[in-house]
Amino acid sequence: MDPPSSDQPNLHKAKHLLYRRLKVVTKDGRTLAGDLVCMDKEQNLILSGAVQRTVNAHTGEPEERVLGQVMVPLDHRQECSVEVFPHELERFQRLVEPTDYA
């Protein structure tokens with residue numbers, strides 16, 4: 001595979017996340033978990049098979065709701081993580097390290 005052009009290193013990295021299970025924490029405290037099926041150029045995410053996890057304010061009990069497919073705008077995301085298996089960890093750690101393609 002050819003290295004990405006200098007203007008698209010993030011696109012190259014994002015392709016490795018397609019169809020992976022992501023956990024996204026939103027600024028309003030919700031947690032969404034789903035499979036990444038799309039990311040547009042504004043970095044909005046589309047998750048398939050998404051579930052929303054919250055804590056009930058009155059009882060303190062965790063609640064889960066199946067949402068299906070959702071779009072998570074960049075400006076609503078506070079934190080994002082990817083589910084990886086132990087044998088994949090090293091490969092995914094390289095994705096977040098700075099890379100010199102020169």
Side-chain angles (χ1 to χ4, degrees):
M1 178 186 294
D2 293 333
S5 63
S6 61
D7 60 338
Q8 295 188 356
N10 291 332
L11 176 62
H12 175 73
K13 290 179 180 183
K15 285 181 180 181
H16 290 281
L17 298 176
L18 278 177
Y19 309 110
R20 292 293 186 161
R21 192 84 174 157
L22 296 186
K23 182 176 90 173
V24 178
V25 178
T26 61
K27 290 182 180 177
D28 63 2
R30 293 177 291 146
T31 300
L32 305 169
D35 300 326
L36 178 66
V37 293
C38 181
M39 181 187 326
D40 62 18
K41 62 183 171 183
E42 286 84 25
Q43 297 182 29
N44 300 312
L45 303 177
I46 295 182
L47 303 177
S48 180
V51 222
Q52 173 181 290
R53 295 183 183 113
T54 56
V55 176
N56 185 302
H58 301 292
T59 65
E61 295 291 319
E63 296 178 345
E64 187 170 286
R65 186 170 75 152
V66 176
L67 300 177
Q69 193 166 37
V70 297
M71 196 262 300
V72 186
L74 174 64
D75 60 342
H76 290 170
R77 290 195 322 250
Q78 179 175 336
E79 181 182 318
C80 189
S81 59
V82 62
E83 181 180 290
V84 295
F85 296 101
H87 68 276
E88 302 172 309
L89 190 57
E90 184 179 328
R91 181 169 60 109
F92 277 89
Q93 285 175 331
R94 286 191 301 248
L95 289 176
V96 296
E97 295 171 356
T99 307
D100 181 19
Y101 288 106

Supply the atom-to-atom distance Asp28 CG to His76 NE2, rounded to the nearest 0.5 angstrom. 8.0 Å

Taking all atoms of both residues into account, what is the closest heavy-atom pair of Leu45 and Cys80, and its distance? CD1-SG, 4.2 Å

Trace of the side chain to side chain contact (heavy atoms under 4.5 Å, CB included) decision for Gln78 with Lys27: CA-CA 5 Å; Gln78 179 175 336; Lys27 290 182 180 177; 4.2 Å; yes

Could you see if Val70 belongs to whatever hydrophobic cluster contains Leu22? Use Ile, Leu, Val, Met, Phe, Trp, Tyr and a side-chain cutoff under 4.5 Å. yes

Under a single-linkage rule joining Ile, Leu, Val, Met, Phe, Trp and Tyr whose side-chain heavy atoms are separated by less than 4.5 Å, which residues share a cluster with Leu74? none

Partners meeting salt bridge (charged side-chain N to carboxylate O under 4.0 Å, His left out) with Asp40 (sequence neighbours left out): none

Are Leu67 and Val55 in one and the same hydrophobic cluster, where Ile, Leu, Val, Met, Phe, Trp and Tyr link if side-chain heavy atoms are under 4.5 Å apart? no

Give every residue pair that meets the side-chain hydrogen bond (donor to acceptor under 3.5 Å, both in side chains) criterion with at least one member in residues 47-58, sequence neighbours excluded. Arg30-Gln52, Arg53-Glu64, Asn56-Glu63

Test side-chain contact (heavy atoms from CB on, under 4.5 Å) applied to Cys38 - qualifying residues, sequence neighbours left out: Ile46

Residue set satisfying salt bridge (charged side-chain N to carboxylate O under 4.0 Å, His left out) with Arg77, at least two apart, ordered chain then number -> none

Determine, step by step, whether Tyr19 and Val37 satisfy the side chain to side chain contact (heavy atoms under 4.5 Å, CB included) criterion, reporting the C-alpha distance in whole Å, the side-chain angles of both residues, the deciding distance to 0.1 Å, and the verdict. CA-CA 6 Å; Tyr19 309 110; Val37 293; 4.2 Å; yes

Please check if Val72 and Val82 belong to a single hydrophobic cluster, counting links between Ile, Leu, Val, Met, Phe, Trp and Tyr side chain heavy atoms closer than 4.5 Å. yes

Among all residues two or more places apart in sequence or in another chain, which pass the side-chain contact (heavy atoms from CB on, under 4.5 Å) test with Val25? Thr31, Glu79

Between Val24 and Leu47, which heavy-atom pair has the shortest distance, and what is it? CG2-CD1, 4.2 Å

Count I, L, V, M, F, W, Y as connected when their side-chain heavy atoms are under 4.5 Å apart, and connections chain through other members. Are Leu32 and Leu17 then in the same cluster? yes

